[in-house]
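Remarks on the structure that follows.
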Amino acid sequence: MTAHDMPATYDFHTVEPRWQARWESDGVFAVPDTPPADKPKYYVLEMFPYPSGQLHMGHVRNYALGDVVARYKRARGYAVLHPMGWDAFGLPAENAARERGVHPRQWTLDNIAAMRGTLQRLGFSLNWDREIATCLPEYYGKQQKLFLDFLAAGLVDRRESWVNWDPVDETVLANEQVIDGKGWRSGAPIEKKQLSQWFMRITKFAPDLLDGLNSLDRWPERVRLMQERWIGRSEGARLRFSLAQPPAGFDENLDSVEVFTTRPETLFGMSFLALAPDHPLAAKVAERNVAAADFIAECRRLGTSVEAVEKAEKRGFDTGLRVRHPFLPDQSFPVWIANFVLMDYGSGALFGCPCGDQRDYDFARKYDLPIPLVILPPGENANDWTADKGPWTGEGSLINSGFLDGLSCEAGRTEAIARLEGLGVGTGVVNWRLRDWGVSRQRYWGCPIPVIHCAGCGPVPVPDEQLPVVLPEDVTFDRPGNPLDHHPTWKHVACPKCGKPATRETDTFDTFVDSSWYFARFTAPHAATPTVRSAADGWLAVDQYIGGIEHAILHLLYARFFTRAMRETGHLDVSEPFAGLFTQGMVNHESYRDAKGGWLYPEEVRRTGAGAFHAETGEEITVGRVEKMSKSKRNTVAPVSIIERFGADTARWFVLSDSPPERDMEWTEAGVAGAARFVQRLYRIVRAVATACPADAPEQTGEIPAAVDALRRATHRTIAAVTEALEAFTVNVAVARLHELTSALAEAERAADEPGMAFARREAALTLALLCAPMTPHLGEELLSLLEPNAALAAQRPWPTPEPALLAVTQIKLAVQIMGKLRGTIDAEPDEDGAAVLARAEAEPNVARLLEGKKIVKRIHVPNRIVNFVVAG
RNA sequence: GCGAGCUUGGCGGAAUGGUAGACGCACGAGACUUAAAAUCUCGAGUUCGUAAGAACGUGCGGGUUCGAGUCCCGCAGCUCGCACCA
C-alpha cells in the first residue's frame with residue numbers, strides 16, 4: 001500500500017464493516033464443540049441479554065469487557081469459546097401483545113434481530129453459529145427433557161403453595177408486582193391463593209451449594225457472602241410443645257407444636273409460644289374463633305404491603321391455648337398468633353424468650369407478658385440485672401434455669417439439646433433459610449411444563465418421543481388469564497399412560513429456569529440431546545463470567561443448582577458452572593429536567609459554560625443527579641446512535657477508559673469525543689510511520705541514539721504493562737498505557753532521522769496495533785494492514801512479548817529524603833549499593849543545604865528505591 | 001438492625017510500604033489560520049515566593065515504621081445488598 005492509498009483520516013464507516021466481513025469469511029472466531037487438544041481452552045461468557053428491543057449502554061460495557069478478555073486470550077493461544085444468545089421468554093412480550101396486539105413471538109424475534117444487528121456492528125468476537133434463543137423449541141424442548149430427568153431423579157416435586165392472585169387479570173403475580181397490596185397493572189386488591197405448583201428441590205443441595213462457595217476463589221467476596229446468607233445455615237434444635245388442654249374435638253395431629261430455635265439454652269426464659277398466621281394450628285383455632293380468623297385475615301392483607309414491612313409493628317392474638325414446657329412439666333405458657341412469625345422458616349412457630357431477643361422483648365412488653373431473666377451478661381451482677389435494662393442478645397452465663405444454672409450459653413446449648421433428646425421431645429438440627437424453588441408460572445410466553453394431568457393417573461410426564469411440547473401460536477390476548485388455558489384444543493390430549501382424555505399442564509417455567517443452563521447448551525447448541533458430554537465437560541466451567549451484580553443471588557444460585565442436578569442426571573460432569581465471576585458497574589448519565597419538572601433526553605439539552613439549555617426553546621434546564629441510565633429518567637444514550645456518529649471502536653474505547661470496570665462509570669459527551677479523538681490520532685500517527693518508515697528498516701546495533709533507545713524501551717514496557725493490566729482486569733490502566741506509548745511514538749517523529757529510528761517507530765506502531773486490538777479491534781486490523789499489507793489478521797496473531805533486555809532499567813532516579821520528606825533526587829546505576837550512593841545523596845545541593853548543622857543519626861538506602869537520612873538537632 | 005464496599009486535584013481515576021496525583025476529561029497560554037474548527041506545543045494539587053525553594057496535602061483521630069493513600073485500632077459520611085430468619 002502506498003501513502004496515496006492510505007486515507008488521511010480513519011473512516012470507521014467503511015473500515016469497520018470491512019473487517020467484520022473478513023473475520024466472518026475467515027471464520028477466525030469459530031471453535032469446535034469438543035475443545036481442540038492442541039490448545040488450552042478458555043470459555044468467556046457474558047450474561048445473555050433479554051431482547052427488550054434495543055441494546056443499551058450497560059450491554060455495550062458488559063460485552064466490550066468480555067470481548068477484551070476473549071480477544072486477549074485468543075492472542076495468548078487459547079481456544080476461546082465466546083457465544084451469545086437471548087433470554088427470550090418473559091412477561092414484556094405478553095405485555096406488548098396485550099397493549100399493541102403484536103404476537104409475543106414476533107415481537108421477540110424482531111427485537112432479537114435488531115439487537116443482534118447492533119452487537120454485530122460493535123464487532124464483538126462472538127460465535128454466532130452458536131446463537132440460541134430460549135423461546136425456540138430447539139432450546140426449550142431440551143429444557144423439558146432436563147425437567148423430566150430431574151423429575152425421575154426426585155429433584156422435582158409438586159405441592160401446594162401460596163401465590164399472589166390478581167382476580168382481575170386472573171393471573172399470579174410475583175411479589176415485586178404487588179404494590180401496597182394491589183396488582184401493579186389492574187390495581188385490584190391481591191388475594192392469597194393456594195395452587196398446586198412444581199418445585200425444584202434446591203434445598204437438597206443446600207450443604208453442597210454452601211460448601212462449593214469455598215472453591216470459588218475467583219468470585220467477588222461479596223457475592224459469595226450474599227449467597228451464604230441466602231442459603232442461611234443455622235444450627236439449633238427442633239422441639240415439640242404439647243398442648244396443655246386441647247379443646248374437645250381437636251385434631252389429634254395438632255396436639256403439639258413444633259418449633260425451631262438456635263437458642264435452646266434459653267428455654268427457661270420462655271414467656272409465650274407464637275404461631276405464624278398461616279400455621280395449621282392457627283387455622284384450627286380460627287375455625288371456632290371469629291376474632292382469630294379476623295386477625296389472620298388482617299395479617300394476610302398487610303403481609304404484602306410495603307407499609308406493613310416498614311412499620312413492622314408487632315401484633316399478636318392470644319388463642320387461649322396453652323402448651324406445656326418440656327423442662328417444667330407443671331408450667332404452661334400461652335399460645336399466640338403473631339404477625340412477625342414466618343410460616344416458611346423453621347416450622348412456622350417459635351417460643352418467645354423476651355430477655356434474650358429484641359423482638360420477643362418488644363412483644364412481651366406490648367402484651368404485658370412476663371420476662372423471666374435467664375442470661376446474665378458478662379460483668380453483670382445477678383442481683384441488679386433487671387428486665388428494664390432491655391434484652392441481652394449476646395453470650396453470658398445462665399441463671400434461673402434449673403439444671404443449666406451457671407453454664408455458659410454455649411455449654412448450655414449442648415446440654416439443653418442432650419436433655420431434649422433424652423426426653424424424646426426434641427433434637428439438635430441444622431436449619432436452612434434456603435427454600436425450594438417454585439418454578440410454575442401461569443403465563444403463555446414461557447417454556448411449557450411437559451406434564452399431562454389425568455383424572456385416573458395423576459400428573460404424567462410427557463414421553464420423550466412427544467417432546468418438545470411446543471407453544472401454540474394461535475393464541476389471543478383479548479381477555480384476562482393464561483391464553484394456554486383458553487386455547488380451544490391445545491391442552492386436550494390423551495393420557496400417555498391410560499389413553500383416556502386428559503389435559504396438559506398449562507403452566508410454564510419461571511424464566512430463571514431458561515438461564516440456569518444456557519451456558520451448558522452453548523457448548524453443543526444444535527445437539528439433539530440437552531448436552532453432549534465431550535462438549536460440556538470439555539468447555540465447562542466458564543472461565544470468565546461477566547455480568548451485573550443484580551444477579552448475585554438468584555440467577556447464579558439457580559445455575560449452580562442446575563449444574564448439580566444435571567450432574568446427578570448424567571448431563572455433564574462439572575461441580576461449578578462459573579469458575580471466575582466479574583461483576584461490572586453500571587453506566588450512569590446526568591439527568592435533565594425542565595421548569596415543569598419533566599425529564600429531558602440528553603439530545604434535547606445543550607450544555608454551555610453558562611449552564612444547560614433546551615436545544616430548541618433555549619429554556620434553562622436543571623441538571624440533576626448522575627444516575628443509572630433509565631427510560632423513566634430519560635437519561636439514556638442509544639448505542640446505535642453512538643455507533644453511527646463515532647463508530648464501534650470509539651464506543652468501545654470510551655466504555656473501557658477511565659473507570660475501573662467493576663465501578664460505575666459516567667457516560668459523557670466530552671468523554672466520547674475524547675475517545676473519538678484518540679482513535680483518529682492513533683490512526684494518523686501510525687499512518688505516518690507506515691508512510692515514512694520502510695518495512696525493511698534495519699535495527700540499529702552498536703551505538704544506539706538515546707531517542708531510539710527510549711522509544712524501544714517504551715514499547716516493550718508498554719507490552720509488559722498492558723499485559724499485566726489485562727490479566728488484572730484493570731482495562732482502564734491498559735488504556736492509559738496505550739495513550740502513553742501513542743504519545744511517545746508521536747514524539748519520536750521529531751528524531752526521525754536518527755539511525756535505527758525507522759525500525760523503532762515501526763516496532764512501536766506494530767505493537768500499538770496489536771495491543772489495542774482487544775479494545776478497538778477494527779482499528780487494530782486497519783493499523784496492522786497499513787504496516788504489513790498482506791500479513792495475518794490481528795485477530796489471529798499472537799500477543800507480543802517484551803524483550804527482557806529492553807525491560808531492564810538502565811538509569812535510576814533515586815529519591816533522597818530527610819526524615820521521610822523528599823529533598824532531591826540523584827542518578828544511580830541499577831542495583832547500585834554502597835557508600836558512593838550515600839555520598840552523592842549527601843552532596844546533592846538541596847540535601848546538603850538542609851543537612852547543614854544537623855547530625856545524621858541513620859542513613860537508609862534501599863537500592864533502586866530510596867535514600868533517607870534520619871537527623872537529630 | 002445486620003453485612004459488604006467506597007472516601008485521593010475542578011472531574012473520572014493511577015500508585016509491589018519507598019519521588020502521591022500516571023493517563024484521560026475540563027481549563028489556561030502559545031503555534032498554525034484572514035478567522036474558526038481540527039491539529040500541535042507548553043502549563044497546572046493548595047498556599048507563600050520573581051525564582052530557588054518552603055509549608056500544607058489522599059474523609060477525621062490515633063498507632064506501627066527510617067518512611068503510610070497503602071498496614072493496625074477507633075470514628076464519620078456516602079453507596080449497595082439483606083432485613084421481623086426464631
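Naming: A, B, ... by sequence-line order, numbering from 1 per chain.
- Summarising the geometry, the separation between CD on A:E235 and P on B:A86 is reported as 12 Å, rounded to the nearest angstrom.
- In the set B:A86, B:C84, B:C66, B:C66 carries the atom at the smallest distance from any side-chain atom of A:N868.
- Ring geometry for A:F295 versus A:F317: interplanar angle under 30°, hence parallel rather than tilted (30 to 60°).
- Side-chain N or O atoms of A:Y10 include none that pairs as donor or acceptor with a backbone N or O of A:L682 at under 3.5 Å.
- Taken together, the paired segments of RNA chain B that extend over three or more consecutive Watson-Crick or G-U pairs, each closer than 3.5 Å at both contacts, are B:1-7 with B:76-82, B:10-12 with B:23-25, B:27-31 with B:39-43, B:45-48 with B:53-56, B:59-63 with B:71-75.
- The number of heavy-atom neighbours closer than 6.0 Å to CZ of A:R222, taken from other residues, nucleotides and ligands shown, is 12 or below.
- Between the CG atom of A:D664 and the C1' atom of B:C78 there is a distance of 13 Å, given to the nearest Å.
- To the nearest whole angstrom, the two C1' atoms, one in B:C84 and one in B:A68, are 44 Å apart.
- Following rounding to the nearest Å, A:M226 (CE) and B:C82 (C1') show an atom-to-atom distance of 8 Å.
- Here the C1' atom of nucleotide B:A22 and the CZ atom of A:R737 are 6 Å apart, to the nearest Å.
- The nearest whole Å value for the distance from the CZ atom in A:R222 to the C1' atom in B:C6 is 11 Å.
- Out of B:G18, B:C85, B:C40, the shortest distance to the side chain of A:R684 is found at B:C40.
- The distance between atom CG of A:N846 and atom P of B:A55, rounded to the nearest whole Å, is 10 Å.
- Spacing of P atoms, B:C40 relative to B:G24, comes out at 11 Å, to the nearest Å.
- Of all nucleotides listed (B:G13, B:C56, B:A20), B:C56 comes nearest to the side chain of A:K821.
- The listed nucleotides are B:G53, B:A22, B:C82; the one nearest the side chain of A:W230 is B:C82.
- Taking atom C1' on both nucleotides, B:U64 is separated from B:G28 by 44 Å, rounded to a whole Å.
- Residue A:A670 places its side chain closer to B:A26 than to any other of B:A26, B:C23, B:A54.
- As a whole-Å value, the separation of A:N588 CG from B:G13 C1' is 15 Å.
- A:R823 places no side-chain N or O within donor-acceptor distance of the main-chain N or O of A:L850, the cut-off being under 3.5 Å.
- Glycosidic conformation of B:G9: syn, with the torsion inside 90° of 0.
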From CA spacing to verdict: salt bridge (charged side-chain N to carboxylate O under 4.0 Å, His left out), A:R737, A:E740: CA-CA 5 Å; A:R737 297 289 93 88; A:E740 281 171 349; 2.8 Å; yes
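- Distances were taken from every side-chain heavy atom of A:R433 (C-beta onward) to each of B:A83, B:U19, B:U39; the shortest belongs to B:A83.
- Between the side chains of A:R681 and A:S743, at least one donor N or O lies within less than 3.5 Å of an accepting N or O.
- Residue-to-nucleotide contacts include no donor-acceptor pair under 3.5 Å from the side chain of A:K858 to the base of B:C66.
- Listed nucleotides: B:G24, B:C66, B:A55. Nearest to the side chain of A:D658: B:G24.
- Other residues, nucleotides and ligands place no more than 12 heavy atoms under 6.0 Å from the CD atom of A:E410.
- Spacing of P atoms, B:A55 relative to B:A20, comes out at 13 Å, to the nearest Å.
- The listed nucleotides are B:A86, B:G24, B:G18; the one nearest the side chain of A:Q817 is B:G18.
- For the pair A:I866 CD1 and B:G18 P, the interatomic distance rounds to 9 Å; values are reported in whole Å.
- Residue A:E724 qualifies as open at atom CD: its count of foreign heavy atoms under 6.0 Å is 12 or below.
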